[in-house]
Amino acid sequence: MSVRILALVGSLRAGSHNRQLAEAAVKLAPEGTEVELYEGLADVPFYNEDLDVEGSLAEAAVRLREAAGRADAFLLFSPEYNGTIPAVLKNAIDWLSRPRGAGGFMGKPAAVVGTAYGQFGGVWAQDEARKALGIAGAEVLEDVKLSVPGSVVRFAETHPLDDAEVADQLAAVLTRLSAEAGRPAAV
């Protein structure tokens with residue numbers, strides 16, 4: 001049985017360190033696990049219940065929901081913008097939280113990791129993302145964390161995949177998330 005993890009990155013910047021961290025996750029996935037780095041969050045319109053009407057949904061929202069439907073688990077990569085979660089990541093959570101009680105996250109394991117310039121590595125934003133995921137119905141792995149501080153300096157000349165400490169910690173996150181996704185659902 002193969003486990004599919006959908007990776008959502010909260011930074012749209014081409015040189016994003018969180019994007020690089022997600023690229024590393026694709027390569028560090030344990031055997032039997034595929035990490036899909038989702039492309040297209042920038043195209044998803046801001047959530048508006050008036051737009052969330054079957055038959056007239058924006059194509060970008062449909063693609064996001066379809067990708068979530070194929071996923072067994074989620075790994076969110078969040079930088080910290082002004083002490084909180086980036087709008088693009090919150091918007092994805094909002095779209096995947098609907099329909100209420102049956103959205104894309106419902107009952108699936110999810111973890112949040114990331115890196116930020118500050119000394120705490122974006123923990124406030126990552127905590128906010130965990131809270132939103134839980135409300136959206138995900139089985140949030142609260143104890144699975146990776147917050148890498150000082151990203152601008154730490155990854156100035158090193159890709160996260162080439163940082164042994166970060167790569168080891170990210171591999172451990174992936175192993176745990178994959179194991180949780182492979183467990184039978186509780187009845």
**Q.** Val148 backbone acceptor or donor facing Thr115 side chain under 3.5 Å
**A.** yes
Q | Check: Thr158 main-chain N/O paired with Asp163 side-chain donor or acceptor under 3.5 Å | A | no
Over all atoms of both residues, closest heavy-atom pair of [X] and [Y]:
| X | Y | value |
| --- | --- | --- |
| Phe46 | Ala87 | CE2-CB, 4.3 Å |
| Glu39 | Arg19 | OE2-NH2, 2.7 Å |
| Gly10 | Val88 | O-CG1, 3.4 Å |
| Val9 | Leu89 | C-CD1, 4.4 Å |
| Arg130 | Val112 | NH2-O, 2.9 Å |
| Asn18 | Pro79 | ND2-CB, 3.2 Å |

Cluster check [X], [Y]: I/L/V/M/F/W/Y, side chain < 4.5 angstrom:
| X | Y | value |
| --- | --- | --- |
| Leu76 | Leu12 | yes |
| Leu37 | Val166 | yes |
| Ile85 | Leu41 | yes |
| Ile135 | Leu8 | no |
| Leu141 | Leu6 | no |

Listed partners of [X] passing side chain to side chain contact (heavy atoms under 4.5 Å, CB included), at least two apart:
| X | answer |
| --- | --- |
| Glu54 | none |
| Pro30 | Thr33, Leu174, Thr175, Ser178 |
| Ala132 | Ile93 |
| Ala138 | Phe105, Ala110, Leu133, Val140 |

Q: Test salt bridge (Lys or Arg N to Asp or Glu O under 4.0 Å) on Asp94 and Arg98 and set out the steps.
A: CA-CA 7 Å; Asp94 290 345; Arg98 304 296 197 283; 5.4 Å; no
Give, for atom [atom1] of [X] and atom [atom2] of [Y], the distance between the pair rounded to the nearest 0.5 Å.
| X | Y | atom1 | atom2 | answer |
| --- | --- | --- | --- | --- |
| Glu139 | Met106 | CD | CE | 8.0 Å |
| Lys27 | Leu170 | NZ | CG | 12.5 Å |
| Phe74 | Leu96 | CZ | CG | 6.0 Å |
| Leu21 | Ser11 | CG | OG | 11.5 Å |
| Leu57 | Trp95 | CG | CH2 | 5.5 Å |
| Glu23 | Leu161 | CD | CG | 9.5 Å |

Can you find a heavy atom in the side chain of [X] that is under 4.5 Å from one in the side chain of [Y]?
| X | Y | value |
| --- | --- | --- |
| Phe120 | Pro149 | no |
| Glu34 | Ile5 | no |
| Lys108 | Asp72 | no |
| Pro109 | Leu177 | yes |

Q: Check the pair Leu75 / Val35 against side-chain contact (heavy atoms from CB on, under 4.5 Å), numbers first and verdict last.
A: CA-CA 9 Å; Leu75 183 56; Val35 176; 5.7 Å; no
Q | Worked verdict on Lys145 versus Gln169 for side-chain contact (heavy atoms from CB on, under 4.5 Å) | A | CA-CA 9 Å; Lys145 298 179 181 181; Gln169 291 175 0; over 6 Å; no
Q. Taking the six-membered ring for Trp, are Phe155 and His17 parallel (under 30°), tilted (30 to 60°) or perpendicular (over 60°)?
A. tilted
Q. Is it true that atom CG of Asn82 has more than 12 heavy atoms of other residues, nucleotides or ligands lying nearer than 6.0 Å?
A. no
**Q.** Flag if over 12 foreign heavy atoms under 6.0 Å of CD, Glu59
**A.** yes
Q. Mind checking what makes ring pair (Phe, Tyr, Trp, His ring centres under 6.0 Å) contact with Tyr38, not counting sequence neighbours?
A. none
**Q.** Residue list, salt bridge (charged side-chain N to carboxylate O under 4.0 Å, His left out) with Lys131, at least two apart or on another chain
**A.** Glu128
Q: Could you tell me whether the side chains of Ser147 and Gln126 share a donor-acceptor contact shorter than 3.5 Å?
A: yes
Q | Salt-bridge criterion met for Glu36 and Arg4 (N-O under 4.0 Å) | A | yes
